[in-house]
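Indexing begins at 1, ligand by ligand and atom by atom, following the structure's order. For reference, positions follow the sequence shown, starting with 1.
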Amino acid sequence: MTGVFERFGALPDFPFRRLAAMLAERLPPDGVPVLDLSIGEPQHAPPALLAETVAAQAGTWNRYPPPGGTPAFRSAVAAWLQRRYALPEGMLDADRHVLPLAGTKEGLFLLPSVLPAKPDAAILLPNPLYAVYLGGAVLAGARPVPLATTAATGFLPDLDALDERLLEHTTAFFLCTPANPQGAVASQAYLERLLRLARRHDFLLIVDECYAEIWDEAPPAGGLQAAAATGGGLDHLVVLHSLSKRSNAAGLRSGFIAGDSDLLARFGRLRAYGAAVQPLPLMAAATRLWQDEVHVEANRAAYRAKLDLAERRLGNRFGFYRPAGGFFLWLDVGDGVAAARRLWSEAALKVLPGSFLTMGSVQPGLEDDPGARYIRLALVHDETTIDGAFDRLIEVLG
Ligand SMILES: Cc1ncc(COP(=O)(O)O)c(C=O)c1O
């Protein structure tokens, strides 16, 4: 096996570094303030209880936080999951089925490194994807296999197209629902089918539910509901949730992983060696945030209003559709890289080309890059700012 650094050398730079390099080639127009819709960093204010709780816990900064988190954090999470997904009483044991993460990014990155081995191990990834899944698969020395998620597949991996032989080599399947970047949501039936496949072929189903609380019409189904419906406990399943988008707290670096107790035991062992651990005052704030839904409802309403605005302003331009979840627009502009360059150099508008979110460039032979025609816009600013961004978008791209 080649070294980690050599394997990483084969990857493109992380999408935002690539974007910075591309935009550095040209200057935006003089005197036009930059509008940045490229990154999914919420600009709504975090709830006051975050800072209040951190201040109230100042007496615990001297302590090393436990990598497994506090019992209060784990039980707040288990109680939230049970309420949110109407799980049967007793299905989740807060001590065996929940671990905190210093942001879900680190969990997604390290998880592939604790999977039981298989010969010629493959990790199946949606394409386009959150690039961290790819980095994690490569770190672990597994073969990343892209599953194109296009308009034709409903922007989710097509389960009918999976090759049985490939599944025998598969150690993990990453699913993102609501999907970043397209906002598609997997139904409970889809999740149940995928979980059955995971059990039949002995791979781990990793469901990234980072955007689960930002939804338009109906709350997205979750992996744990599929587990409740199929029986068999939490075997072969983990779900990951984050406070970054739900509570506008990306800087808190707080999320959790819940699911398969054997996998979590392995993961806990790995993390105890050196993973980032969340400080106690921050974990206390995270605990409070999982106990409060008022700020989450307000947040959701603010995103809905921005989707209304997008619908009014864009109509059916650029293949606009209203995403079922998340806060991204995935717009078909013909050539995403060319459009992103023009929006920057002609209107100081930063957006992410869809091809920076795909595995196109690391999978030679992949003919159709499913992101090539698209740009991704993050609706994270206030309505007035977003309205101004739509002005620029329409002026430049028509
Ligand atoms: C799909 C997806 N998953 C996970 C994350 C990581 O979130 P965090 O590490 O802030 O919890 C992001 C961040 O943008 C994301 O888009």
Side-chain angles (χ1 to χ4, degrees), residues 14-19 36-44 46 50 69 73 77 80 98-112 125-137 147 149 155-157 172-186 205-215 220 222-223 238-258 267 271 275-278 282-283 285-286 289-290 296 299 303 323-330 351-352 354 356-359 371 376-380:
F14 203 66
F16 299 110
R17 289 169 58 109
R18 278 176 83 186
L19 182 65
D36 187 354
L37 268 59
S38 66
I39 185 162
E41 178 190 73
Q43 302 296 311
H44 306 169
L50 195 170
F73 175 84
V77 163
W80 179 80
V98 177
L99 274 180
L101 297 171
T104 51
K105 183 175 186 177
E106 66 114 339
L108 293 162
F109 185 59
L110 289 178
L111 257 183
L125 304 171
N127 192 39
L129 79 171
Y130 180 49
V132 173
Y133 313 156
L134 177 61
L147 305 175
T149 59
F155 291 125
L156 293 171
F173 187 124
F174 278 85
L175 181 76
C176 187
T177 174
N180 173 5
Q182 308 102 323
V185 162
L205 171 58
I206 301 170
V207 191
D208 180 356
E209 300 179 350
C210 180
Y211 295 92
E213 299 311 281
I214 317 260
W215 43 265
V238 292
V239 300
L240 292 97
H241 281 263
S242 171
L243 288 174
S244 298
K245 327 286 174 172
R246 173 187 182 269
S247 302
N248 303 316
L252 184 61
R253 307 309 302 127
S254 185
F256 68 80
I257 178 167
F267 193 47
R271 293 187 74 251
V277 176
Q278 200 182 32
L282 305 190
M283 186 160 295
L289 291 174
W290 287 113
V296 186
N299 205 26
Y303 283 117
F327 50 51
F328 296 111
L329 299 186
W330 185 238
V351 303
L352 196 64
F356 286 18
L357 290 167
T358 63
M359 291 166 60
R376 191 192 75 174
L377 267 58
L379 300 186
V380 288

Within-4.5 Å side-chain heavy-atom neighbours: V185 and W215:
no
From SG (C176) to OH (Y133), nearest 0.5 Å:
3.5 Å
Contact region, L101 to ligand 1, non-hydrogen atoms below 4.0 Å, reads neither
Among I39, D208, V132, closest by heavy atom to atom 1 (C) of ligand 1 is D208
Please report whether ligand 1 has a polar contact with S254, defined as an N or O pair separated by less than 3.5 Å (distance criterion only).
no
Starting from atom 14 (O) of ligand 1, which protein heavy atom do you reach first, and at what distance in Å?
K245 NZ, 2.9 Å
Is there a side-chain contact between L243 and F256 in this structure, where contact means two heavy atoms from C-beta onward sitting under 4.5 Å apart?
no
Can you tell me if E106 contacts ligand 1 (heavy atom of the residue under 4.0 Å from the ligand)?
no
Within the structure provided, determine whether F16 and F356 are in side-chain contact (heavy-atom separation under 4.5 Å).
no
Does a side-chain heavy-atom distance below 4.5 Å link P42 with Y303?
yes
Against ligand 1, does E41 come closer than 4.0 Å with any heavy atom?
no
Ignoring hydrogens and geometry, is there a side-chain-to-backbone donor-acceptor pair from N299 to R246 under 3.5 Å?
yes
Quick check on side-chain contact (heavy atoms from CB on, under 4.5 Å): which of L156, L329, T149 does Q182 satisfy it with?
T149
How far is atom 10 (O) of ligand 1 from the closest protein heavy atom, and which atom is that?
S244 OG, 2.5 Å
Against heavy atoms of G103, which atoms of ligand 1 measure under 4.0 Å?
9 (O), 11 (O)
Closest non-hydrogen protein atom to atom 8 (P) of ligand 1, residue and atom name please, with distance?
T104 OG1, 3.4 Å
Answer with yes or no whether C176 contacts ligand 1, where contact means a heavy atom under 4.0 Å from a ligand atom.
yes
Basic-acidic side-chain contact under 4.0 Å: R253, E106:
no
Suppose we measure from atom 12 (C) of ligand 1 to each protein heavy atom; which comes out shortest, and what is that distance?
Y130 CZ, 3.4 Å
Per-atom contacts of ligand 1 with Y211, taking only distances under 4.0 Å to non-hydrogen atoms:
1 (C), 2 (C), 14 (O), 15 (C), 16 (O)
Give me the one residue out of L240, L175, V239, L125 that meets side-chain contact (heavy atoms from CB on, under 4.5 Å) with I206.
L240
Check for me whether L240 has a heavy atom closer than 4.0 Å to any atom of ligand 1.
no
Nearest-neighbour protein heavy atom for atom 9 (O) of ligand 1, which is reported as residue plus atom name and distance:
R253 NH2, 2.7 Å
